[in-house]
Amino acid sequence: MNIDELKKAIESHFASGTTATGNESAMDAFLELRAALEQGKVRAAAPDSASPTGWRVNAWVKQGILLGFRIGTLTGLSGDGLSFVDKHTYPVRRFAATDGIRVVPGGSSVRAGAYVARSVVCMPPMYINTGAWVDEGTMVDSHALVGSCAQIGKRVHLSAAAQIGGVLEPVNASPVIIEDDVLVGGNSGVYEGTIVRSGAVLAAGTILTRGTPVYDLVNGTTLRATPETPLIIPPNAVVVPGSRAVTKGKGSEWGLSLYAPVIVKYRDEKTDLSTTLEELLR
Ligand SMILES: CC(C)(COP(=O)(O)OP(=O)(O)OC[C@H]1O[C@@H](n2cnc3c(N)ncnc32)[C@H](O)[C@@H]1OP(=O)(O)O)[C@@H](O)C(=O)NCCC(=O)NCCS
């Protein structure tokens, strides 16, 4: 099948609801999509200069990924030669498909349907979910998560415990996008379709969601998601976790403040040095 034929097949099997389960041609279409995803021939979202955000969501690809969950049945997945030693009184619990619990294999694992380019480095434990795209030269450090359909550019550093949220449904929702040369600091979280433009730096502990306003001290503006567009972090912005005073009601009376990510500067030589040192430390 060429891509157009595959798109039509996926859309029609997705529309057929539960009748796709057990349908051989639905399985064939899904397996073809999964292989195409793994080879980087199709992706859940792709750069598109005609779109206001610069990215186009391929809803049919996300439909195909959802189809794969719908038509899949639970099965045992055998080990891959790893060995472990621990107190005999606390052996590893074992599960069978009939237990109805899904235990995804591996301290690190890359799920079928994810595209991982050559030269990507994966430090254990980390997880790359289906539909994700991880481009050349990117580092996925320990405890990092690349959620379903997330798009990670070239030479990105996802530091230890960085969480990149997945967005599978609704199918037309934009996934989280991290463009080229971004540094996502340790313990950061990027969720709900947020776009981080190329060269940006998220300091350790920065959390970004649709509902998080970001305060740009350099330009004197506040960045927010709108009903039409996700939160977008500009190119080369250096975002650090900050706080803002609550100025109304009880919050003000009690002297509370809320978490507020702040753009303190745009990438300069010092930032390049800080992030290069991080690279050398690896
Ligand atoms: C953001 C980062 C790269 C520093 O960039 P930088 O360009 O060198 O930043 P600067 O030191 O010039 O700091 C600019 C301003 O932001 C503040 N700042 C810097 N990092 C900050 C942080 N993490 N939290 C809060 N404020 C921070 C500085 O105090 C400075 O403000 P000031 O001038 O009022 O003092 C660095 O703080 C960082 O978070 N690195 C990632 C660390 C990490 O997660 N490593 C993972 C290894 S697996």
Side-chain angles (χ1 to χ4, degrees), residues 106-110 116-117 119-129 132 134-147 150-165 176-192 194-209 211-224 231-246 255-282:
S108 285
S109 71
V110 177
V116 182
S119 73
V120 167
V121 178
C122 298
M123 298 302 290
M126 61 91 223
Y127 189 69
I128 301 176
N129 210 340
V134 184
D135 219 329
E136 287 163 21
T138 281
M139 157 72 124
V140 185
D141 216 329
S142 297
H143 288 281
L145 164 75
V146 182
Q151 305 289 302
I152 313 294
K154 294 182 169 61
R155 300 169 299 277
V156 170
H157 185 149
L158 298 182
S159 303
Q163 306 292 296
I164 307 300
V176 174
I177 292 163
I178 310 289
E179 295 186 348
D180 296 347
D181 300 299
V182 166
L183 175 99
V184 181
N187 274 302
S188 294
V190 187
Y191 305 104
E192 297 184 303
T194 297
I195 299 178
V196 181
R197 294 278 190 230
S198 57
V201 175
L202 306 184
T206 302
I207 309 284
L208 303 172
T209 70
T212 318
V214 176
Y215 295 82
D216 184 340
L217 297 186
V218 179
N219 296 309
T221 52
T222 309
L223 309 173
R224 293 173 189 270
L231 177 65
I232 300 179
I233 302 300
N236 299 318
V238 177
V239 191
V240 306
S243 62
R244 62 186 163 96
V246 178
L256 298 185
S257 52
L258 295 176
Y259 165 69
V262 178
I263 297 178
V264 281
K265 64 198 266 193
Y266 282 74
R267 193 185 258 271
D268 59 18
E269 278 174 16
K270 176 149 186 318
T271 319
D272 290 342
L273 189 65
S274 303
T275 53
T276 311
L277 283 176
E278 291 294 342
E279 297 294 309
L280 294 176
L281 285 172
R282 281 203 251 143

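Counting starts at 1 for both ligands and their atoms, following the listed order.
Both the backbone and the side chain of Ala203 come within contact range of ligand 1, each with a heavy atom under 4.0 Å. If you look at Val264 next to ligand 1, the close heavy atoms, those under 4.0 Å, all belong to the side chain. Using a 4.0 Å cut-off between heavy atoms, Asp141 contacts ligand 1 through its side chain alone, with no backbone atom that close. Residue contacts with ligand 1, taken as heavy atom pairs separated by less than 4.0 Å, do not involve Leu273 at all. Counting heavy atoms under 4.0 Å from ligand 1, residue Arg267 does not touch it at all.
Residues Gly153 and Thr138 approach most closely at O-OG1, 2.7 Å, considering heavy atoms.
Each of the following atoms of ligand 1 lies closer than 4.0 Å to a heavy atom of Ser159: 46 (C), 48 (S). For ligand 1, the atoms closer than 4.0 angstrom to any heavy atom of Leu183 are 41 (C). Ligand 1 places these atoms under 4.0 Å from at least one heavy atom of Val201: 1 (C), 3 (C). Of all the atoms in ligand 1, the ones that sit under 4.0 Å from a non-hydrogen atom of Gly186 are 43 (C), 44 (O), 46 (C). Applying the 4.0 Å criterion to heavy atoms of Ala160 picks out, from ligand 1, the atoms 48 (S). Applying the 4.0 Å criterion to heavy atoms of Gly185 picks out, from ligand 1, the atoms 44 (O). Heavy-atom contacts of Ala204 reach the following atoms of ligand 1: 39 (O), 44 (O) (cutoff under 4.0 Å).
Checked against Val190 for a side-chain contact (heavy atoms from CB on, under 4.5 Å), the options Val182, Ile195, Leu202 give a single hit: Leu202. When Asp216, Asn236, Thr271 are each tested for a side chain to side chain donor-acceptor pair (under 3.5 Å) with Tyr266, only one passes: Asp216.
With contacts defined as side-chain heavy-atom distances shorter than 4.5 Å, the pair Pro125/His143 qualifies. Residues Arg197 and Ile233 form no side-chain contact, since every pair of their non-hydrogen atoms from C-beta on lies 4.5 Å or further apart. Residues Thr275 and Arg267 meet the side-chain proximity criterion, which asks for heavy atoms closer than 4.5 Å. Put simply, the side chain of Pro261 does not reach to within 4.5 Å of the side chain of Pro241, judged on heavy atoms. Side-chain atoms of Arg155 and Asp180, non-hydrogen and from C-beta on, do get closer than 4.5 Å to each other.
Remark: Thr209 engages Thr212 in a side chain to side chain donor-acceptor pair (under 3.5 Å) (not counting sequence neighbours). Applying the side chain to side chain donor-acceptor pair (under 3.5 Å) criterion to Asn129, with sequence neighbours excluded, gives Arg111.
Atom 11 (O) of ligand 1 has its nearest heavy-atom neighbour, among Met139, His157, Met123, Lys270, in Lys270. The residue from Val240, Asp272, Asn187, Thr206 that puts a heavy atom closest to atom 22 (C) of ligand 1 is Val240. Comparing His143, Lys265, Glu269 against atom 9 (O) of ligand 1, the shortest heavy-atom distance belongs to Lys265. By heavy-atom distance, the residue among Val238, Thr271, Ile263 lying nearest atom 7 (O) of ligand 1 is Thr271.
Considering backbone and side-chain atoms together, Pro241 places no N or O closer than 3.5 Å to any N or O of ligand 1. For a threshold of 3.5 Å applied to N or O pairs, the pair formed by Ser274 and ligand 1 contains at least one separation below that value.
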task = List the steps, then state whether salt bridge (Lys or Arg N to Asp or Glu O under 4.0 Å) holds for Lys154 with Asp135.
result = CA-CA 5 Å; Lys154 294 182 169 61; Asp135 219 329; 3.4 Å; yes

ask   = Could you go step by step and tell me if Ile164 and Ile178 meet the side-chain contact (heavy atoms from CB on, under 4.5 Å) rule?
value = CA-CA 9 Å; Ile164 307 300; Ile178 310 289; 4.1 Å; yes

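Residue contact annotation: Val239 has no non-hydrogen atom under 4.0 Å from ligand 1.
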